[in-house]
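Heads up: the structure comes next, in structure tokens.
What's counted below: heavy atoms across the whole structure, side chains too, no hydrogens, waters or symmetry copies. Residue numbering restarts at 1 for every chain, and letters A, B, ... go by the order of the sequence lines.
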Amino acid sequence: MAAQAQANRQSSSARVHALTEDQRRRLPLAIQDLTVAYHRKPVLWDVDLAIPEGRLIAVVGPNGAGKSTLIKAALGLIPRASGRVTIYGQPYEKQRRLVGYVPQRESVDWDFPVNALDVVAMGLYGRIGWFRPVARAHRRRALEELEKVGMAPYAQRQISQLSGGQQQRVFLARALAQDADLYFMDEPFAGVDVATERAIIALLKELKAAGKTCVVVHHDLQTVPTYFDHVVLLNMRVVEAGPVDTVFTEENLKKTYGGKLTLLSQALFEYSKDPRLPSGTRGGGAL
Amino acid sequence: MMEWTSFDTWIVVTGMLSAMACALLGNYLVLRRMSMMGDAISHAVLPGLAIAFIVTGSRGSLPMLVGAILIGIVTAFLVQGIFRLSGLDRGASMGVIFTTLFALGLILIRQAADHVDLDPSCVLYGAIELTPLDTYLVGGFEIPQAAVTNGAMLLFNLLFVVAFYKELKITSFDPALATTLGINADLLHYVLMTLVAATTIAAFESVGSILVIAMLIVPGAAAHLLTDRLGVMLGLSLVFAALAALLGHVGAITVPTWFGFRDTSTAGMMAVMTGVLFLLVFLFAPRYGVLSRVIQQARLALKIVGDDILGLLYRFQEMAATGTAPMHAGDFREALKQNWPVRMALWRLSRRRWVRRVENGFILTDEGLRQGRGIIRSHRLWESFLCGKMGYCETDVHTPAHHLEHFTDEKMQSRLEDAADRPGQDPHQRAIPPAS
Amino acid sequence: MSPRLLILTPLGLLLWGAFDPSWVAAAGLGEHTLAWPSSEELLRVLTLRDYNTRVVIVGTTLLGLAAGLVGTFLLLRKRALLSDTLSHASLPGIALAFILLTALGAEGKNLLALIGGAAFFCILGTGAVIVIQRYSRLKDDAALGIVLSVFFGLGIALMGIATRMGSGNAAGLSSFIYGKTASMLFADAVLIAVVALLAAICAVLFFKEFALLCFDADYAASQGWPVTGLDFLMMTLVVVVTVIGLQAVGLILVVALLIIPPAAARFWTYSLKHMLWISGLFGALSGLFGAGISALMANLPAGAVIVLTASLLFGVSLVFGSTRGLARRGVERLRLSRRIRHENLLREIYEMMEVCGLSPEDAELDCALPQVTMDMLLSRRSWSHGQLRRALARGMAAGLLASDGRNWELTAAGLEEARRIVRKHRLWETYLIEHADVAPGHVDWGADEIEHVLDADLVAALEKRLPAEVLQQMPASPHHIEPVQGEAA
């Protein structure tokens, strides 16, 4: 098993190493040899990753596996000990406009004097440019985005007067307004209500239909096969990455999560019984 | 009594202009949780001034401005640098830097005191009373130099805030997002800090470099308690600043006379007035004031007690054989274990004509009966739902139902009824009253 | 006297250098240079022969000690700037006490009354900060700023009245703002000594409680500690030190004594106990040297010099601190990234050899060991050309690599080292797979050997999961590269 993991690592790293600049340019996200360490403890270790375009990608792994760190390191928000990250072939600094980021919600000052519409309009600031004010057209655009997440009736509400799920939808609408090609979302489903979860899913599907790429840190394994089509199994280094069909197997999950698999096996099993799926597509069937 | 001269007018005008210039930028300090940065910079400008004085040997505006801008940048950089490098919290980083710079400033001023007319206390508390003496001739009018300087500063700050309105907003709200959008949050931070330093210098002649912090922070903080719109907040803070300047000067020449003194420092009184205005807002702001919160809570408590009384009467009436069953006020107090709230609630219910006083207690009116039925309906629906659908039968469903019944309207009732599969009875086999 | 002299002289000289008068002169001061002391004066101050100087130096040293001790807890409670607010908020108390005393016909500058007034307003100010924070949406920084500025404004307004009072002499009141260190009386020094003793006793007595409060107040409360009471005691100590320090070094500079020494002490230790005493020591040293230098040079206000001495200590600590200093952390970071590159380099070469089959006699594979060139290595990892070249050079210097200038290979020692590193990494990887749920917190490659972190049984179990060949002897390369003379160690 270990040898196989070793072989996997080598093959996946070889894949990224072997990329030509031209291939890189077509990849929304290519990470090579990424190592992040706090003091001398590694958080991410020898991460090689190539994210294909137009997919919904779940990043899953146990607590402390470095999921959020992966996103932050890709965005240059925390220093890297080694490694190269390119977004459509260029470092992030040159591709900011192409990237949308939905952070975890804790960092926000909810008392800030802005309403939902203002927050969404902020997604457009990059395009509006310096000096020019937010015009009516921008406001209209922001309202449209709010409508997509079902939040248009709350446009004038100050953000602290929204529920947790509603706040999350507003931040998603802001990401939409950014009109990026590659989205990073850090646990968007954490602590949201059913309506919001549905809204987020609808939105993800819509983004995918529009050819966008979404990298989503996710913690609910049961929903991975239904919500996403690609998965990155992460535990300090990439255990496995690829289409859900081939990668999201019990064996790989065990390698990622260790013993905590009871719930998971259940979920997989349920999933493999789902009549809407073509039969025998995944390892879960072997349970 | 008070004698108002053109001198006083100019003092007020100068004070207003400097206070407004400060307050405008101060809003962003408050929102960025950097209020104490204003304090740090206003202390740290001392060496900047001293160096400017020592180098040029004069008290001209230009060298002072240059010195201020330099020291503003230096302070912001040092605080940010120490904060990032040392692992100390932001407050401690500021504390280390500004006290050091202040000490340096004191020494430099002492060195310069012999040959430049520079009094540290003048720098610290200003001398707004003397500003009308130093005038410019503008268009045939004698305008105090300080008024011109502060007016110019206010204008400049206004231009800055208008031009960079959305950039300031987004970098204050979410610097990480600003960075991902290609707006340089760090750069804007340094520009803002530099402007704060420049404004502090412009204002130091009138209100003094320490009291500048009152003008920087307090109007913005008060405005923040009144509104949820950034634009409105900026406007309100300007009004507060102007008001504080006016009241401050009036207070400085009137309040001491009540106690038999002639007058006192206008700058000090201006700061006190910002505090008074803040206190008023803090207590009486419509939504975020202490008083309105207390009233809201009291109202809610009273509504709950009232609901409980209606519920009690309804249940009593349900059990009683005859149509009307009066209950004593004392019974309510005993059942609800409250005294004054029950009296208040009974008074309120009587005034609304939901209960009526009869000779041996209170009975429900027709409207009261309808209200009471609604409450009991909510209560029993909740109990049915919690027990039948959520499986909480073993535990006491009465308590959560009792909490929830006060916040359940008719729409919610019918949804609950559907969710609980239209039960006719609650878990205790009591009939659930139909919707009225 | 002589040990003190020994310590005093070099540091005095150091500070003397820091205040080199030449730049002041260059800055346009001209003839207004500092008055440099004669050797006679120097000796007199250094040996504390002068009564006044002795009082001042002892007083400021003890004040520094007290502030350093109390400030440690203040800093760790993340309330450093509260001291700033407190010291400003004390001003109306001083002015009001003076006005009341004068109005009642008493001597206005009764020290105890002034201190009482100051302490009263300090407590009032603290209360106001807490009320604003709890009952409004404003954050702690705004609460601090509001109380600081409004109270100080009130103080200025009251001072304005005090100075305009017909009777009484308000002239000395401003010393509370700038400090009048040089004219410290014996009674003041005694007062400071008492406070310092009190602070030291409290710091020792309540060390454990304060430490708990600073680290996790919520936990302390859940364990039944009287958090509010402890907090109040801590803040009382701060108020007492602030108020006592006001007239010694002045309003703003007492803040410095509360913040800077503990901030500097943090760079030297991870132990709270050590930090406490280092902070006290730094505070005392600042008071000692600051007052000493000020006594030597007529034109230097003592309060300011004390603070600058503390700042100098802070600067030195920031850079050279033995646990968190910049120099140390910089070196550590450099070492870590070098080490990562070093290990990656050896692993890369080893794995290239490994891919081609472990035994060259294995005819089936028929895979010659590759010539390891720079280009090849460059394409495998994200290192830059320069980084790789330096890593290779370091490997050669250590005798782990040999090169003919173009191609590289492992020496026997290098092979051994590479195998050790590969083994370690693969064991960690296996560990991550086998124990994925608990693994991330344990993985620590900074440790030289995995055995230092995981116990031997576990490592043995992991080893069994590794393919056997990793642990076997690696064959020598068939393309033996003759080391270039002088390059290989």
Side-chain angles (χ1 to χ4, degrees), chain B residues 30 33-36 38-39 43 51 54-55 57 82 85-89 91-92 94-96 99-100 102-104 106-107 110-112 114-115 120-121 124-125 208 210-211 213-214 216-218 221 224-225 252 256 261-265 267-272 274-275 278 282 288 290 293, chain C residues 24 27-30 32 34 75 78-81 83-84 88 132 135-139 141-142 144-146 148-161 164-165 174 177-178 252-253 255-256 258-260 263 266-267 299-301 303-308 310-311 314 318 324 326:
Chain B
V30 171
R33 306 184 192 191
M34 290 195 157
S35 307
M36 293 307 272
D39 176 52
H43 284 88
I51 290 171
I54 290 171
V55 170
I82 297 275
L85 289 178
S86 70
L88 293 167
D89 60 295
M94 280 180 205
V96 169
T99 53
T100 303
F102 187 81
L104 196 65
L106 274 188
I107 289 181
R110 183 70 73 86
Q111 301 308 316
D114 299 341
H115 78 134
S121 63
L124 292 178
Y125 334 125
I210 308 257
L211 292 174
I213 181 185
L216 277 170
I217 293 162
V218 189
H224 191 30
L225 295 184
F261 301 108
R262 194 161 42 84
D263 61 353
T264 184
S265 148
M269 277 313 269
M270 278 169 67
V272 173
T274 60
F278 175 80
F282 177 70
Y288 300 109
V290 171
R293 283 189 204 194
Chain C
V24 181
L29 260 179
H32 295 271
L34 296 163
L75 182 85
K78 302 228 183 306
R79 286 186 179 161
L81 285 181
S83 61
D84 189 26
H88 283 84
I132 292 176
Y135 297 104
S136 80
R137 67 204 307 206
L138 295 171
K139 310 293 182 297
D141 65 304
L144 287 173
I146 290 165
L148 181 152
S149 56
V150 173
F151 275 55
F152 193 74
L154 182 64
I156 298 290
L158 289 173
M159 284 286 216
I161 290 178
R164 287 164 173 85
M165 282 176 94
S174 68
I177 295 170
Y178 311 109
I252 290 131
L253 303 182
V255 179
L258 280 165
I259 298 177
I260 302 180
R266 260 175 71 102
F267 297 108
N299 221 2
L300 288 178
V305 182
I306 292 172
V307 173
L308 287 181
S311 308
F314 177 84
L318 174 67
R324 300 181 200 218
L326 290 180

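B/L216 contributes atom CG, which lies 9.5 Å from atom OG of B/S35 (distance to the nearest 0.5 angstrom). Distance CG/C/D84 to NE2/B/H43: 5.5 Å, rounded to 0.5 Å.
Contact tally against chain C (heavy-atom pairs below 4.5 Å) for B/I217, B/L85, B/D89, B/V30: the top residue is B/L85. By number of non-hydrogen pairs under 4.5 angstrom with chain C, the leading residue of B/A103, B/G275, B/G38, B/G87 is B/A103. Chain B forms more heavy-atom pairs under 4.5 Å with one residue of C/L154, C/V255, C/L318, C/L81 than with any other, namely C/L81. With respect to chain C, the highest number of heavy-atom pairs below 4.5 Å among B/M94, B/M34, B/H224 belongs to B/H224. Contact tally against chain C (heavy-atom pairs below 4.5 Å) for B/T99, B/V290, B/T274: the top residue is B/T99. For the options C/I259, C/I161, C/I132, heavy-atom pairs under 4.5 Å to chain B are most numerous at C/I161. Here C/I146 is the residue among C/L144, C/I146, C/L75, C/L158 with the most heavy-atom pairs under 4.5 Å with chain B.
Contact of the C/S149 side chain with the B/V218 side chain is registered, since non-hydrogen atoms from C-beta on lie closer than 4.5 Å. Within the 4.5 Å cutoff, the side chain of C/L148 has heavy atoms near those of the B/M36 side chain. C/P301 places a side-chain heavy atom less than 4.5 Å from the side chain of B/I107. Using a 4.5 Å heavy-atom cutoff, the side chains of B/S86 and C/F267 are in contact. Residues B/F282 and C/L138 have side chains not in contact (no heavy-atom distance under 4.5 Å, counting atoms from C-beta outward). With a 4.5 Å cut-off on side-chain heavy atoms, C/F152 and B/D39 do not count as touching.
The contact between C/Y135 and chain B is made by backbone and side chain atoms together, counting heavy-atom distances below 4.5 Å. Of the two parts of C/K139, only the side chain, counted from C-beta on, holds a non-hydrogen atom closer than 4.5 Å to a non-hydrogen atom of chain B. With a 4.5 Å cut-off on non-hydrogen atoms, C/R266 touches chain B through its side chain but not through its backbone. Using a 4.5 Å cut-off between heavy atoms, B/I82 touches chain C through its side chain atoms alone. Contact annotation for C/A80: only side-chain heavy atoms (C-beta onward) come within less than 4.5 Å of a heavy atom of chain B.
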